[in-house]
Amino acid sequence: MNSVNPDNRIEREPYVVSGKGYTAVAINVAAKAGEWIKSRQGQVKQLGSKTSAQDLVTEVDKGVEQMIRRLILTHYPDHAILGEEGVEPGAEAAKAALAEGRQHEFLWIVDPIDGTTNFVHGFPFYCVSIALVVKGELAVGVIYDPVRDEMFVAEKGKGAYMHGIPTKVSAETEPGSSLIAMGFPPDRTFAQPMNMAGLQHILPQIRGIRAGGSAALHLAYVAAGRVDGYWEVGLSPWDCAAGVLLVLESGGKVTDTLGNPYDIGTRHLVASNGKIQDFLVNSLQAAEATGFTR
Ligand code: 2AM
Ligand code: CA
């Protein structure tokens, strides 16, 4: 109940929404953003690049991020938002922006389009990724693939779902029977040689590799048991935050490439059904492809 204090100011009780409220907002925002993105496929007008000719951005990325920011702030005006298009390109800027974001109790981490290169080429493998971090811990993760109309949703401690059906990581224990995803961020100086070295070492030992160009969607696919594991060196927080919670809540494991527990600042990531996690981590170490220098 609200009360009037001696200064005649009305003191309002804080309005507390349940965890379900955050998830509902994330789902609605991702659905709306996804529909908009899909409607613009093949109609990109201004193709720009950031750090290099491989690092693309379109007016759709920027417009959709604005749309997502406005919608989240309509519900939660005092929450902080860390979005890819609000940060200068490069690892250092991402680290600084995350350090600022960590100061806030409620931090939304947003990638308006994960898989921009695919979007630009009309290769139908991209998504919207939205995570909510509360006091430094992932609380909600939503990934929406508008092409397949697949909405992946995870809530900390409550499981993960795709269209209401629980998602579960695969049961595969053998690297030789595993299908593994990985990726190549556009940085050719540091990340590319690392990911190439990892690929060279791991590919001969497994059933096959998929490098689809969307870290978030690959993580959703680990959660859904469609691939058995995934790794990538050189990611940013918005590429993986939502997907990490999906994997964890689907019974999988996520670490950095040295095997340390995931943190929202982790840039070199390994995620799997848990059973092949050690194989991936050990292989990257053997290939000197962890992205960490000794
Ligand atoms: P994006 O499409 O949102 O840019 C490719 O395997 C992955 O790398 C994608 O998830 C892609 O996300 C991401 N990526 C692209 N540019 C990046 C950059 N400059 N730094 C880190 N990750 C990037
Ligand atoms: Ca993006």
Side-chain angles (χ1 to χ4, degrees), residues 30 33-34 36-37 40-41 44 47-69 81-98 108-131 141 143-147 180-196 198-199 209-222 227 230-244 246-247 257 264-271 291:
W36 175 247
I37 292 163
R40 303 297 306 278
Q41 189 179 310
V44 171
L47 181 58
S49 57
K50 297 198 258 187
T51 54
S52 65
Q54 291 74 46
D55 200 354
L56 302 178
V57 64
T58 71
E59 79 276 6
V60 185
D61 296 75
K62 293 175 184 167
V64 171
E65 180 156 323
Q66 274 310 104
M67 173 196 271
I68 294 173
R69 282 176 183 272
I81 302 175
L82 174 65
E84 176 168 20
E85 308 312 334
V87 178
E88 291 297 311
E92 289 314 311
K95 279 181 201 163
L98 182 62
W108 295 80
I109 300 184
V110 171
D111 194 343
I113 309 180
D114 189 61
T116 298
T117 306
N118 291 339
F119 175 70
V120 167
H121 284 257
F123 184 90
F125 195 75
Y126 52 83
C127 63
V128 182
S129 175
I130 299 178
I143 290 177
Y144 182 53
D145 168 357
V147 177
I180 307 289
M182 53 90 62
F184 295 97
D187 161 35
R188 292 187 163 172
T189 321
F190 167 71
Q192 192 177 83
M194 284 293 155
N195 288 310
M196 289 292 278
L199 178 64
I209 278 283
R210 300 292 180 264
S214 166
L217 220 40
H218 278 319
L219 286 164
Y221 280 23
V222 173
V227 291
Y230 161 78
W231 93 89
E232 189 158 343
V233 169
L235 295 173
S236 294
W238 42 82
D239 298 322
C240 48
V244 166
L246 277 160
V247 173
T257 49
I264 50 173
T266 297
R267 302 182 61 82
H268 313 321
L269 191 82
V270 180

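First listed ligand is number 1; within each ligand, the first listed atom is number 1. All values below come from the heavy atoms of this structure, side chains included, with hydrogens, waters and symmetry mates left out.
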Could you tell me which non-hydrogen atom of V233 sits nearest to which non-hydrogen atom of G291, and how far apart they are?
CG1-CA, 3.9 Å
Would one find an N or O of A215, backbone or side chain, under 3.5 Å from an N or O of ligand 1?
yes
At their closest point, which heavy atom of I143 faces which heavy atom of A216, and how far apart are they?
CD1-O, 3.3 Å
Please identify which atoms of ligand 1 are closer than 4.0 Å to at least one heavy atom of G183.
6 (O)
Return yes or no for this condition: an N or O of I113 is under 3.5 Å from an N or O of ligand 1.
yes
Could a heavy atom of G213 be found less than 4.0 Å from some atom of ligand 1?
yes
Is any side-chain heavy atom of Y144 closer than 4.5 Å to a side-chain heavy atom of I130?
no
Quiz question: by atom type and distance under 3.5 Å, do the side chains of D61 and T116 form a donor-acceptor pair?
yes
Name of the D111 N, O or S atom nearest the Ca ion (ligand 2)?
OD1
D111 and ligand 1 - part of the residue with a heavy-atom distance under 4.0 Å
side chain
Using distance alone, determine whether A216 and ligand 1 share an N or O pair under 3.5 Å.
no
Can you check whether V244 reaches L269 side chain to side chain, under 4.5 Å on heavy atoms?
yes
What residues, two or more places apart in sequence or in another chain, satisfy salt bridge (Lys or Arg N to Asp or Glu O under 4.0 Å) together with K95?
E92
In this structure, CG of D55 is separated from CZ of R188 (nearest 0.5 Å) by 11.0 Å
State whether the shortest distance between N or O atoms of E84 and N or O atoms of ligand 1 falls below 3.5 angstrom.
yes
When rounded to the nearest 0.5 angstrom, what distance separates CG in L56 from OG1 in T51?
9.5 Å
So that I can check it, does any N, O or S atom in E84 come closer than 3.0 Å to the Ca ion (ligand 2)?
yes
Test of understanding: given a 4.0 Å heavy-atom threshold, classify the contact between K50 and ligand 1 as side chain, backbone, both, or neither.
neither
Protein contact of atom 22 (N) of ligand 1 - nearest heavy atom, named by residue and atom, plus distance:
D239 OD2, 3.0 Å
Any side-chain heavy-atom pair of P185 and N195 under 4.5 Å:
yes
Look at atom 16 (N) of ligand 1 and find which of G115, P186, G234 reaches it with the closest heavy atom.
P186
Counting backbone and side chain alike, does I113 bring an N/O/S atom below 3.0 Å of the Ca ion (ligand 2)?
yes
Any heavy atom of F184 under 4.0 Å from ligand 1? The part involved is backbone
Min over Q54, E232, H218 of heavy-atom distance to atom 6 (O) of ligand 1 lands on E232
Counting from 1 in the order shown, the ligand 1 atoms closer than 4.0 Å to a non-hydrogen atom of D55 are 16 (N), 19 (N)
Hey, what do you get for OG (S214) to CG (D111), rounding to the nearest 0.5 Å?
8.0 Å
When only distance counts, is D114 in polar contact with ligand 1, meaning an N/O pair under 3.5 Å?
yes
Shortest protein contact, atom 20 (N) of ligand 1 (heavy atom only):
S236 OG, 3.7 Å
Give me the ring orientation class for F125 and Y221: parallel if the planes are under 30° apart, tilted from 30 to 60°, perpendicular past 60°.
perpendicular
